[in-house]
Amino acid sequence: MSFNNLARQARDVRLPRGLRVSRLRSCVQLYRPLGFHATLSFLEAEAGPYRTDEGALLRALDVLEAGRNAWHAELRLFDAERRLAKGRGARQPHPTERNPYREARWWGAPRKGALHCLSFLRDRHWLPPAAGDPVAADLHRCVDACLESGGPLGVEERLLLERCIRALRERLNSTAPDGKGTDRIRAMDLLRAARHVELAAVAHVGDA
């Protein structure tokens with residue numbers, strides 16, 4: 001079932017509440033920019049207890065759809081830019097070019113989404129532990145500094161974050177692209193968290 005059909009059912013007051021909540025969760029299965037559980041947590045933080053409150057359920061749908069619409073707008077812009085670039089001979093996007101197809105962020109509110117995701121991961125102890133891993137320990141320090149400041153990092157933490165990202169990229173490059181080992185999964189999880197720190201640190205204040 002499509003996202004829009006699921007959203008319509010989630011809004012349909014003629015359906016049982018449990019089914020409507022289930023349809024919201026199914027929407028999140030299809031669009032989960034922060035990951036499934038963190039996206040649901042963000043919706044609850046923004047909208048209220050959607051499982052039990054009618055108004056919160058509708059607000060959660062509005063928040064989710066607004067983020068998805070903002071993402072689709074970015075995709076259209078990116079696609080238009082890529083068509084122009086291909087006309088100039090650039091067949092593939094540059095590795096440093098923003099690519100909304102691959103970026104994990106809450107579109108329209110990147111800092112707020114990144115901060116919530118970092119807090120969620122830290123509080124759930126879902127960040128790979130720092131013990132025995134100096135890079136992970138440094139990243140935990142960056143996460144704590146980012147959450148304490150509400151996003152911005154000091155010069156020392158910014159440099160530390162850059163070193164963490166370089167080191168984690170090197171870890172990934174040293175393993176097979178299709179590898180499923182615990183070391184690769186750990187590096188990917190750490191790098192995703194580092195990207196959220198980076199995003200929260202550089203997002204414009206108006207992006208919140």
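Values below: all heavy atoms of this structure, side chains included; hydrogens, waters and symmetry mates excluded.
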Next item on the list: Could you tell me whether Asp62 and Arg11 make a salt bridge, using a distance below 4.0 angstrom between a side-chain N and a carboxylate O?
Entry: yes
Notebook entry, point to check: Under 4.5 Å between any side-chain heavy atoms of Asp79 and Tyr101, yes or no?
Noted result: yes
Note to self: Can you confirm if the NZ or CZ of Arg68 lies within 45° of the ring axis of Phe3 and under 6.0 Å from the centre of its six-membered ring?
What the structure shows: yes
Checklist line | Within-4.5 Å side-chain heavy-atom neighbours: Leu190 and Val135 | finding: no
Next item on the list: Would you mind checking if Glu198 and Arg158 are paired as a salt bridge, meaning a charged N to carboxylate O distance below 4.0 Å?
Entry: no
Next item on the list: State whether Arg192 and Asp189 are salt-bridged, where the test is any N-O pair (Lys NZ or Arg NE/NH1/NH2 against Asp/Glu carboxylate O) under 4.0 Å.
Entry: yes
Item checked: Residue pair Tyr50, Arg59: steps toward the side chain to side chain contact (heavy atoms under 4.5 Å, CB included) verdict -> CA-CA 8 Å; Tyr50 62 83; Arg59 288 192 297 272; over 6 Å; no
Check: Between Arg195 and Ala104, is there a donor-acceptor pair closer than 3.5 Å when you use the side chain of the first and the backbone of the second?
Finding: no
Next item on the list: May I ask whether Leu168 and Met188 are part of the same hydrophobic cluster, defined by side-chain heavy atoms of I, L, V, M, F, W, Y residues being less than 4.5 angstrom apart, directly or through others?
Entry: yes
Check: Are Leu40 and Leu58 co-members of a hydrophobic cluster defined by side-chain heavy atoms under 4.5 Å apart?
Finding: no
Notebook entry, point to check: Of all heavy-atom pairs between Gly132 and Pro134, which one has the smallest distance, and what is that distance?
Noted result: O-CD, 3.9 Å
Check: To the nearest 0.5 Å, what is the distance between CG (Leu161) and CG (Asp138)?
Finding: 10.0 Å
Note to self: Using the rule that Ile, Leu, Val, Met, Phe, Trp and Tyr join whenever any side-chain heavy atoms are under 4.5 Å apart, tell me whether Met1 and Leu15 fall into a single cluster.
What the structure shows: no
Next item on the list: Quick one: do Leu153 and Val197 satisfy side chain to side chain contact (heavy atoms under 4.5 Å, CB included)? Show the steps, please.
Entry: CA-CA 9 Å; Leu153 296 176; Val197 175; 3.9 Å; yes
Checklist line | Pairwise distance CG(Leu43) to CG(Leu61) - rounded to 0.5 angstrom | finding: 8.5 Å
Check: Does any non-hydrogen side-chain atom of Arg20 lie less than 4.5 Å from one of Arg23?
Finding: no
Check: Knowing that exactly one of Gln9, Arg14, Arg8 qualifies, which makes a side-chain hydrogen bond (donor to acceptor under 3.5 Å, both in side chains) with Asp12?
Finding: Arg14
Notebook entry, point to check: Is the shortest heavy-atom distance from the side chain of Leu64 to the side chain of Leu24 under 4.5 Å?
Noted result: yes
Notebook entry, point to check: Does the pair Trp106 and His116 meet the rule for a ring-ring contact (aromatic ring centres under 6.0 Å, His included), with working shown?
Noted result: CA-CA 10 Å; Trp106 198 276; His116 184 89; 9.0 Å; no
Item checked: Within-4.5 Å side-chain heavy-atom neighbours: Pro49 and Thr52 -> yes
Margin query: Between Leu172 and Arg169, is the side chain to side chain contact (heavy atoms under 4.5 Å, CB included) condition met? List the steps.
Written below: CA-CA 5 Å; Leu172 288 177; Arg169 282 175 174 167; 5.8 Å; no
Next item on the list: Look only at the side chain of Ser22 and the backbone of Gly18, and say whether a donor-acceptor pair between them is shorter than 3.5 Å.
Entry: no
Next item on the list: Determine whether Tyr31 and Glu65 make a side-chain contact, defined as any pair of heavy atoms from C-beta on separated by less than 4.5 Å.
Entry: no
Check: Thinking salt bridges, do Asp133 and Arg171 make one under a 4.0 Å N-O criterion?
Finding: yes
Next item on the list: Salt-bridge test for Glu74 and Arg105: reply yes if a basic N is under 4.0 Å from a carboxylate O, no otherwise.
Entry: no
Notebook entry, point to check: Taking all atoms of both residues into account, what is the closest heavy-atom pair of Ala56 and Ala47, and its distance?
Noted result: CB-O, 3.3 Å
Item checked: Test: Glu54 and Arg17 ion pair at under 4.0 Å -> yes
Next item on the list: Indicate the atoms forming the closest heavy-atom contact of Arg111 with Ala201, along with that distance.
Entry: NH2-O, 3.6 Å
Notebook entry, point to check: Nearest heavy-atom pair of Val28 and Arg32: which atoms, and what distance?
Noted result: O-CB, 3.1 Å
Note to self: Are Trp107 and His72 an aromatic pair, judged by ring center distance below 6.0 Å?
What the structure shows: no
Next item on the list: List the atom of Ala193, the atom of Leu127, and the distance in Å for their closest heavy-atom pair.
Entry: CB-CD2, 3.4 Å
Notebook entry, point to check: Any side-chain heavy atom of Pro129 sitting closer than 4.5 Å to one from Arg186?
Noted result: yes
Next item on the list: Treating Ile, Leu, Val, Met, Phe, Trp and Tyr as nodes and any side-chain heavy-atom pair under 4.5 angstrom as an edge, say whether Leu30 and Phe42 lie in one connected cluster.
Entry: yes
Margin query: Just verifying a value: how many Å separate Asp144 CG and Glu157 CD, rounded to the nearest 0.5 Å?
Written below: 10.5 Å
Margin query: Determine whether a donor-acceptor pair (N or O, by modelled atom type, separation under 3.5 Å) exists between the side chain of Trp71 and the backbone of Pro100.
Written below: yes
Next item on the list: Determine whether Ile165 and Leu159 fall in the same hydrophobic cluster, where Ile, Leu, Val, Met, Phe, Trp and Tyr are linked whenever their side-chain heavy atoms lie under 4.5 Å apart.
Entry: no
Check: Looking at Cys117 and Leu34, what are the two nearest heavy atoms and their distance?
Finding: SG-O, 3.9 Å
Checklist line | Interatomic distance, Ser149 atom OG to Leu115 atom CG [nearest 0.5 angstrom] | finding: 7.5 Å
Item checked: Pairwise distance CD(Glu103) to CZ(Phe78) - rounded to 0.5 angstrom -> 9.0 Å
Checklist line | Nearest-0.5 Å distance that lies between atom CG in Leu147 and atom SG in Cys142 | finding: 11.0 Å
